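The structure appears right after this line, and notes come after that.
Proteins come first, then strands; the chains are lettered A, B, ... in the order of their sequence lines, and each starts at number 1. As the structure is a prediction and not an experimental result, all values here were calculated from the model.
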Amino acid sequence: MNLLGRMGWGDVVFEPALANPDSSDLIAAGAGGVVVLGAIVALYCLFHYRLWGVFWRGWLTSLDHKRIGIMYIAFAMIMLVRGVLEGVVMRAQQADGLDGGFLTSHHYGELFSTHGTIMIFFMAMPFLTGLINIIVPLQVGARDVSFPLLNALSLAFTAAGGALIMVSLVVGEFSTGGWTGYPPFTGVAFQPGVGPDYWIWSVALAGIGTTLSGINFVTTILKERAPGMTFARLPLFTWTAFTTSVLMVFALPPLTVATSLLALDRMAGFHFFTNDLGGNMMNFANLFWLFGHPEVYILILPAFGVFSEVFATFSGKKLYGYTSLVIATVVIAVLSFTVWVHHFFTMGQSANLNAIFGIATMTIGVPTGVKIYDWMATMYRGRVRMSVPMIYSVGFIMLFVIGGLTGIILANPTVDYQVHNTLFLVAHFHNMLIPGLLFGMLAGYTFWFPKVFGFQLDAFWGRIAAWGWIVGYSLTFFPLYAVGLMGMTRRTASYTIEAFQPWMLVSGLGALVVLGALVALGLQLWVSIRYRKALTVEGGDPWDGRTLEWSLPAPVPEWNFAHIPMVTARDDFWEKKRTATVDATPATYTDIALPRNSMLGPLFAVAATALGFGLIWYIWWMAALAAAVMPLAIIVRSFRTDIHRVIPADEVAAYDLAFRETRAALVPVGRDGEETVANRGRANREAFE
Amino acid sequence: MSAMTHTAEDRALYGFWVFMMSDLILFGLMFATYGTMLTTWGFASGPEPSELFSMGPVAIETAILLVSSLTFGLATLALKHGQGRGVIALWLVITLALGLGFLAMELRDFAEMAAEGAVPQRSGWLSAFFGLVSLHGLHVAAGCVWIMVMLAQLAVFGPTLDVASRLSRLGLFWHFLDVIWIGIFSVVYLGALA
Ligand code: HEM
Ligand SMILES: [Cu+2]
């Protein structure tokens, strides 16, 4: 037996670049080199600056929902960088792609496959899971999620999937079957190599992580709410988190089934989706989109939640139409299970079936429209402050409506027959995903950053980034509608029709602006960390917030609430500020039990990565070992009883009283000072309404 | 201090229900896949259900699994009435033996099918059959491991709140597998022989 399965020296990405390189090989080797170098630099820093202990105790083994959430988001941002870079390389290729270009079509195929997979599973999903993790327990008045250890395991599975897709840059290759991985093209007959296996296992592991997160969040929102936090009082972000989590529980299993069955076809010669011996690839398309369509609502709903919080807060008004927003959210979630066929109108089912699914698709426009009007009505007659999160949110409304309209166009099967698989579709879904999902995540990141870290993000670079995304997005993707209508197909590296080229050049230019926006985001973070002392918001409430999380110190202590609050209203904190009951000091404090650290998280991350790697390369001993370690670890852990650690009441009291004193002593800041160093986390309330 | 309080127990049970709903979807989709493969196209001129299945062993397997649900229920009752760890453990051991017996019979069925050339690589329908039935089998195997762990916990801790809470989730899981099996029995086996 070969200890390394089917892996050989020729699979390492540097080999072709040394042997007989073309530009594609060099780019691949460069990307692989960056991964290796990045890993080495990260390890060097950890050891050189002796950060290893802090990293291990404070982060990797921590079960604190806020820290787990931060790790999710940090991971998402790293993946965002890779995803955007790949997008820019693809745009450059197509700008140069008249009769050629600098990438082979195989390499282009790998690029759109990794880009799509990364953006969906390893950028968007971890980003929103991280935000939910951090914010939901704070908004419902809880000390943690229901299952803190499970939370760490979810992160481990997601990270393992991400690790595999990073490793694919260095050893082996990635699938060229797109983020959807349709067989039979991804079956052994057409792609015998490891590419599709990398796709299968990275996606499958991430899917397991997401299912577990969904279970955790559903239970948290149903069972951990503070007294008085009824459903009618839940902040909108929590509502959207709840519906998204329900979707995670019900919509991820189809993905698990689709990827596992494809794996059985590839590894064990089954015939679920093969061309021969009774396989049926339409089953895969159905299973995949049974997951895939709800997935796009998993992605968008939390962003809708963020926008709802942002519009209300920065308009200094109660959210308009709370109830209709909640109903619209739930209706969207339910409808999301009834439209999946619109992803393959052209695959030969009857016209009637297409018509039904086309109409079902269009109906989703209704609740979404309700939301748009609610948000606009929230701003109407409010004293709107154009802060950075607001720029993203207003940009979202403008651009998202356009994307929604093109979606309604695509929902018409007759039109879809014309533009199916063209860049029109690519323009449409980027139009939903960038202004919708990504702007939502970036708005949430800017909005809650001060809550989590205790200092706000620099507004200057924040503005540049926000505008950069808006302009860059528009320049990159609006031209694609045009070339799509002209018939340019998606997933093609080069073309022979000259009329496409000008549009491709504009689009390429737009991609550079997007790259600039990404750099601005990086600079914003760097500048903010550098001047964090000046940007401190120790009062914890920099934006005149409305919901419970803003009543807490910034950064939030690990126990979150010194006292579990009694909720008496929707926008509870805002009401309490109005009636001036925030500063009343609680009479007594009690001991607080928190989960102890656990090394199961990092252990699972390593084991799950090894499991995936073993299965991809047929290194059976590694896969078997990893598969045994995980359940064994759980069993061993189940015999431990000392899983809690108690924070004494005195310590909580000292912390809480000190915070209250600090907050009371702060000078409240008005509208003009909100995004400056004058903002110490206490708002001058009269100025805002 | 025991890690579990009543509310913690409550939320763990609740979370487990949610997990099982998710798991149920897995099975539902495998059933649906099976349904679409149950065609002449899916048989791909290979063996067909009516040639392969025989009622005898399947009926016995069904009986075994149903009885194991009963014995698990008796373990739960023993726990509830404070009958001590000996009685609880006894019922659990019986349940475990039945579970293992079921698995052994199922493996024997598979081996017989393979001997007749009915392997999953033969046709789409056989792929779907083995996919669905072994997914259930894997669940039963996991349940058996879980019973063994709980026997060990019973020995170490006795019937504490923690252990009782875990047993209640295990019970839910075990009965759930019964329900799934009834589905498999009706759709896969009765459907083929009717
Ligand atoms: C930020 C700038 C971005 C650029 C420049 C970009 C560019 C591209 C390009 C060039 C393609 C391939 C089009 C084709 O030839 O078929 C693509 C595909 C895709 N992108 Fe992006 N993208 C960006 C952001 C995003 C984001 C934020 C997401 C999701 C959250 C995303 C999700 C996808 C998906 C799912 C595909 C389809 C992959 C496939 O064909 O399987 N992209 N993108
Ligand atoms: Cu869809």
Side-chain angles (χ1 to χ4, degrees), chain A residues 145-147 150 208 211-212 214-220 222-224 245-246 248-258 260-261 264-265 268-274 276-284 286-287 290-291 593 595-596 631-632 634-636 638-644 646, chain B residues 1-5 7-8 10-30 32-33 35-46 119-128 130-131 134-135 142 145-146 148-150 152-153 156-157 160 162-163 166:
Chain A
V145 293
S146 284
F147 312 114
L150 188 67
I208 294 173
T211 313
L212 299 180
I215 294 171
N216 211 342
F217 296 148
V218 168
T219 313
T220 304
L222 287 177
K223 293 283 170 188
E224 313 290 335
S245 313
V246 172
M248 288 174 175
V249 172
F250 290 112
L252 265 294
L255 178 69
T256 310
V257 172
S260 329
L261 299 191
L264 283 174
D265 273 10
F270 281 46
H271 289 282
F272 284 107
F273 312 124
T274 52
D276 56 342
L277 289 178
N280 183 352
M281 57 264 211
M282 279 316 293
N283 276 351
F284 184 91
N286 275 294
L287 284 170
L290 212 46
F291 145 77
R596 256 180 220 287
L632 271 179
I634 295 275
I635 291 172
V636 170
S638 74
F639 282 87
R640 291 193 51 176
T641 47
D642 55 338
I643 53 174
H644 284 99
V646 174
Chain B
M1 185 183 91
S2 164
M4 281 269 168
T5 61
T7 51
D10 181 44
R11 80 166 70 99
L13 192 62
Y14 185 84
F16 198 72
W17 269 108
V18 181
F19 160 73
M20 287 205 315
M21 287 193 246
S22 193
D23 209 26
L24 184 65
I25 309 255
L26 281 186
F27 279 108
L29 294 166
M30 291 306 291
T33 305
T36 63
M37 294 290 196
L38 198 61
T39 58
T40 336
W41 169 265
F43 302 146
S45 342
V119 287
Q121 290 79 5
R122 179 61 192 80
S123 73
W125 168 69
L126 280 165
S127 296
F130 280 98
S134 16
L135 181 67
V145 174
W146 193 355
M148 291 184 221
V149 173
M150 289 320 296
Q153 296 211 336
V156 176
F157 300 119
T160 60
D162 270 332
V163 170
R166 286 173 189 158

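No hydrogens or angles considered: a donor-acceptor pair under 3.5 Å links the side chains of B:Thr36 and A:Asn283.
With a threshold of 4.5 angstrom between heavy atoms, B:Leu26 approaches chain A through its backbone and through its side chain. Residue A:Leu222 touches chain B through its side chain alone, counting heavy-atom pairs closer than 4.5 Å. No part of A:Thr220 comes within reach of chain B, as not one of its non-hydrogen atoms sits under 4.5 angstrom from that chain. Contact annotation for A:Leu290: only side-chain heavy atoms (C-beta onward) come within less than 4.5 Å of a heavy atom of chain B. Neither the backbone nor the side chain of B:Val119 comes within less than 4.5 Å of any heavy atom in chain A. Only the side chain of A:Phe147 comes within contact range of chain B, judged by heavy atoms closer than 4.5 Å. For A:Leu287, the part lying under 4.5 angstrom from a heavy atom of chain B is the side chain only. Only the side chain of B:Phe157 comes within less than 4.5 Å of a heavy atom of chain A; its backbone N, CA, C and O stay farther away. For B:Ala152, the parts lying near chain A are the backbone and the side chain together; criterion is any non-hydrogen pair under 4.5 Å. Heavy atoms of B:Val156 lying under 4.5 Å from chain A belong exclusively to its side chain.
With B:Gln153 contributing its side chain and A:Ser638 its backbone, the two residues share a donor-acceptor pair below 3.5 Å. A:Arg596 places a side-chain N or O within donor-acceptor distance of the main-chain N or O of A:His644, the cut-off being under 3.5 Å. Of the possible polar contacts, none joining the B:Ser22 side chain to the B:Val18 backbone as a donor-acceptor pair under 3.5 Å is found.
Options A:Leu277, A:Asn280, A:Leu264, A:Ile635 differ in how many heavy-atom pairs under 4.5 Å they form with chain B, and the most are formed by A:Leu277. Among the candidates A:Pro631, A:Gly214, A:Gly279, the residue making the largest number of heavy-atom pairs closer than 4.5 Å to chain B is A:Gly279.
Looking at every heavy atom in both residues, B:Ser127 comes nearest to A:His271 through OG-N, 2.8 Å. Between A:Thr219 and B:Tyr14, the shortest heavy-atom distance links the atoms CG2-CD2, 3.8 Å.
Tested against A:Val249 for a side-chain contact (heavy atoms from CB on, under 4.5 Å), the candidates A:Thr211, A:Ile215, A:Asn216 yield a single pass: A:Ile215.
In this pair, A:Phe272 and A:Phe270 present their aromatic rings parallel. The plane angle is below 30°, not in the 30 to 60° band.
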